[in-house]
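Worth knowing before you read on, the calculation uses all heavy atoms, side chains too, and leaves out hydrogens, waters and symmetry mates. Per chain, numbering begins at 1; letters A, B, ... match sequence-line order.
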Number of protein chains: 2
Amino acid sequence: MLKISELAAKTGMSAHTLRFYEKNGLVSASDRSEAGYRYYNDADVRRAEFVKTARNIGFSLEDIGQLLSIRVDKKSHSCQDVTDITRHKLDEVNAKISELQSMQSTLQILLDSCCGGPEKATQCSIMDALEEGEFRAAEEN
Amino acid sequence: MLKISELAAKTGMSAHTLRFYEKNGLVSASDRSEAGYRYYNDADVRRAEFVKTARNIGFSLEDIGQLLSIRVDKKSHSCQDVTDITRHKLDEVNAKISELQSMQSTLQILLDSCCGGPEKATQCSIMDALEEGEFRAAEEN
DNA sequence: TATAACCTTAGAGTAAGGTCTAAGGTCAAT
DNA sequence: ATTGACCTTAGACCTTACTCTAAGGTTATA
């Protein structure tokens with residue numbers, strides 16, 4: 001049975017974060033001492049580590065909540081339920097990458113166009129390009 | 001002289017957003033009617049469009065503030081001042097892309113490992129992988 | 001017994017970039 | 001003169017994922 005600071009040390013998440021996750025239903029302590037101290041058993045620790053792993057991969061807390069509800073009752077869920085969440089996340093990540101690559105290419109073009117030296121910015125080609133417009137938005141979500 | 005809704009229509013930003021940007025020093029109306037209505041002249045419009053362009057590219061509002069302060073006094077700034085901001089933004093974008101590509105590859109591996117079918121999740125290889133851990137964080141900023 | 005180091009809670013604050021509301025004033029047309 | 005569309009402000013609210021604070025209770029050690 002671990003106290004919150006021990007679970008924090010073990011998982012690399014702060015005690016604050018663990019309490020925050022508890023408030024959001026992601027982790028919990030099966031037991032409490034008489035004084036109200038949280039005590040985490042092995043199953044609690046595994047659940048907390050599952051959360052940490054999912055978070056490391058990049059799942060949102062909401063995604064993790066869904067994964068956890070599958071985890072506690074695997075028999076009632078299919079592999080498709082799991083891949084749906086995973087694929088949805090992958091789609092989001094791919095969309096964000098595209099958006100960033102568009103920014104990347106624009107920024108690179110701007111940098112390539114400018115001398116970047118100590119010359120006065122009165123003739124700076126980056127400033128001129130910004131003045132001109134002509135850049136479409138990198139399409140938010 | 002445009003009223004705020006006219007500038008909004010012209011730039012594709014909402015009147016709310018224009019007021020918000022004004023509060024943050026990015027745009028402003030050179031004139032006000034007696035009743036306090038904002039009136040934007042040609043220079044104001046060009047500045048607003050500059051902001052829109054920079055935002056489309058992906059610059060933060062703080063970056064845009066810096067670009068604007070160069071813009072209003074180009075003689076006191078060098079091309080290097082401009083490329084510094086641009087390169088810094090490019091570095092950020094590149095870092096974020098790397099992080100997302102790491103997530104992307106993990107998610108793809110997970111998807112490839114799972115049948116994704118109607119089988120019960122009791123043997124789901126994605127769930128197993130999350131249970132195992134072994135994924136390093138995609139290193140936030 | 002006293003001190004440090006831990007724990008508890010509710011709730012506020014942070015970043016970033018908006019978005020919206022309330023309560024009210026203004027303007028053009030009918 | 002009265003609609004309806006527009007404008008003003010301060011300030012609250014949104015998202016996501018924490019992070020911290022205040023005020024107080026507990027536990028272990030010297």
Side-chain angles (χ1 to χ4, degrees), chain A residues 1-29 31-40 44 48 51-68 89 92-93 96 99-100 103 137-141, chain B residues 1-29 31-40 44 48 51-52 54-66 68 89 92-93 96 99-100 103 137-141:
Chain A
M1 300 290 255
L2 303 181
K3 283 194 286 189
I4 196 164
S5 63
E6 295 166 331
L7 181 59
K10 181 153 188 160
T11 58
M13 305 191 275
S14 75
H16 276 305
T17 296
L18 288 167
R19 289 193 201 94
F20 169 74
Y21 283 178
E22 180 175 310
K23 208 167 12 179
N24 287 273
L26 301 186
V27 303
S28 61
D31 290 303
R32 293 277 187 140
S33 75
E34 283 200 7
Y37 285 27
R38 290 170 178 81
Y39 281 103
Y40 299 90
D44 296 334
V51 169
K52 180 79 189 309
T53 300
R55 200 193 60 173
N56 281 167
I57 291 172
F59 285 108
S60 68
L61 301 192
E62 194 189 330
D63 292 334
I64 296 173
Q66 289 178 39
L67 291 168
L68 285 168
K89 186 73 204 173
E92 274 179 21
V93 167
K96 193 74 189 168
E99 191 187 318
L100 287 166
M103 286 186 206
E139 224 47 74
E140 285 294 323
N141 298 304
Chain B
M1 300 290 254
L2 302 182
K3 281 193 286 188
I4 195 165
S5 63
E6 295 166 332
L7 181 59
K10 182 153 188 160
T11 59
M13 305 191 275
S14 75
H16 277 305
T17 297
L18 288 168
R19 290 192 200 96
F20 170 74
Y21 283 178
E22 180 175 310
K23 206 166 17 179
N24 287 273
L26 301 186
V27 301
S28 61
D31 290 302
R32 292 277 187 141
S33 74
E34 282 201 6
Y37 284 28
R38 291 170 177 80
Y39 281 102
Y40 299 90
D44 296 334
V51 169
K52 179 78 190 309
R55 198 193 62 172
N56 279 167
I57 291 171
F59 285 108
S60 68
L61 301 193
E62 193 189 331
D63 292 334
I64 295 173
Q66 289 178 40
L68 285 169
K89 186 73 205 173
E92 273 178 22
V93 167
K96 194 74 190 168
E99 191 187 318
L100 287 167
M103 286 184 207
E139 224 49 73
E140 285 296 323
N141 300 302

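Within the structure, a side-chain polar atom (N or O) of R38(B) is placed less than 4.0 Å from OP1 or OP2 of dT8(D).
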Take E22(A) and R19(A) through the test salt bridge (Lys or Arg N to Asp or Glu O under 4.0 Å) and record every step on the way to the result.
-> CA-CA 5 Å; E22(A) 180 175 310; R19(A) 289 193 201 94; over 6 Å; no
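Taking only side-chain atoms of H16(A), from C-beta outward, the nucleotide of dT8(C), dT19(D), dA17(D) with the closest atom is dT19(D). In the set dT19(C), dT9(C), dA17(D), dT19(C) carries the atom at the smallest distance from any side-chain atom of F20(B). Looking at the side chain of S5(B), the nearest of the listed nucleotides dC6(C), dC7(D), dT8(C) is dC7(D).
Atom pair Y21(B):OH and dG18(C):P shows a separation of 3 Å (rounding to whole Å applied). Remark: C1' of dT16(D) and CG of D63(A) are 12 Å apart, rounded to the nearest angstrom. Atom pair E62(A):CD and dT16(D):P shows a separation of 7 Å (rounding to whole Å applied). When the P atom of dT9(C) is taken as reference, atom CZ of R19(A) falls 7 Å away, rounded to whole Å. Nucleotide dA16(C) holds its C1' atom 17 Å from the CZ atom of F59(B), rounded to whole Å. Atom P of nucleotide dT8(C) and atom CG of L7(A) are separated by 11 Å, given to the nearest angstrom. Distance, I4(B) CD1 to dA5(D) P: 19 Å, rounded to whole Å. The CD-C1' distance, from E6(A) to dT27(D), rounds to 13 Å in whole Å.
The backbone N or O of G12(B) sits nowhere less than 3.5 Å from a side-chain atom of K52(B) that would complete a donor-acceptor pair.
Residues T17(B) and K3(B) both approach DNA chain C. Their nearest nucleotides, taken by heavy-atom distance, put T17(B) toward the 5′ side. Comparing Y37(B) and L61(B) by the nucleotide of DNA chain C whose heavy atom lies nearest to each, the residue mapping closer to the 5' end is L61(B).
Counting only heavy atoms from C-beta outward, the side chains of Y39(A) and R32(A) never approach each other to under 4.5 Å.
In E62(B), the CD atom is not crowded: 12 or fewer heavy atoms of neighbouring residues, nucleotides or ligands sit closer than 6.0 Å.
Backbone-only engagement by S60(B) is indicated by non-hydrogen atom pairs under 4.0 Å involving sugar-phosphate atoms exclusively.
Side-chain contact annotation: T53(A) with N56(A), donor-acceptor N/O pair under 3.5 Å absent.
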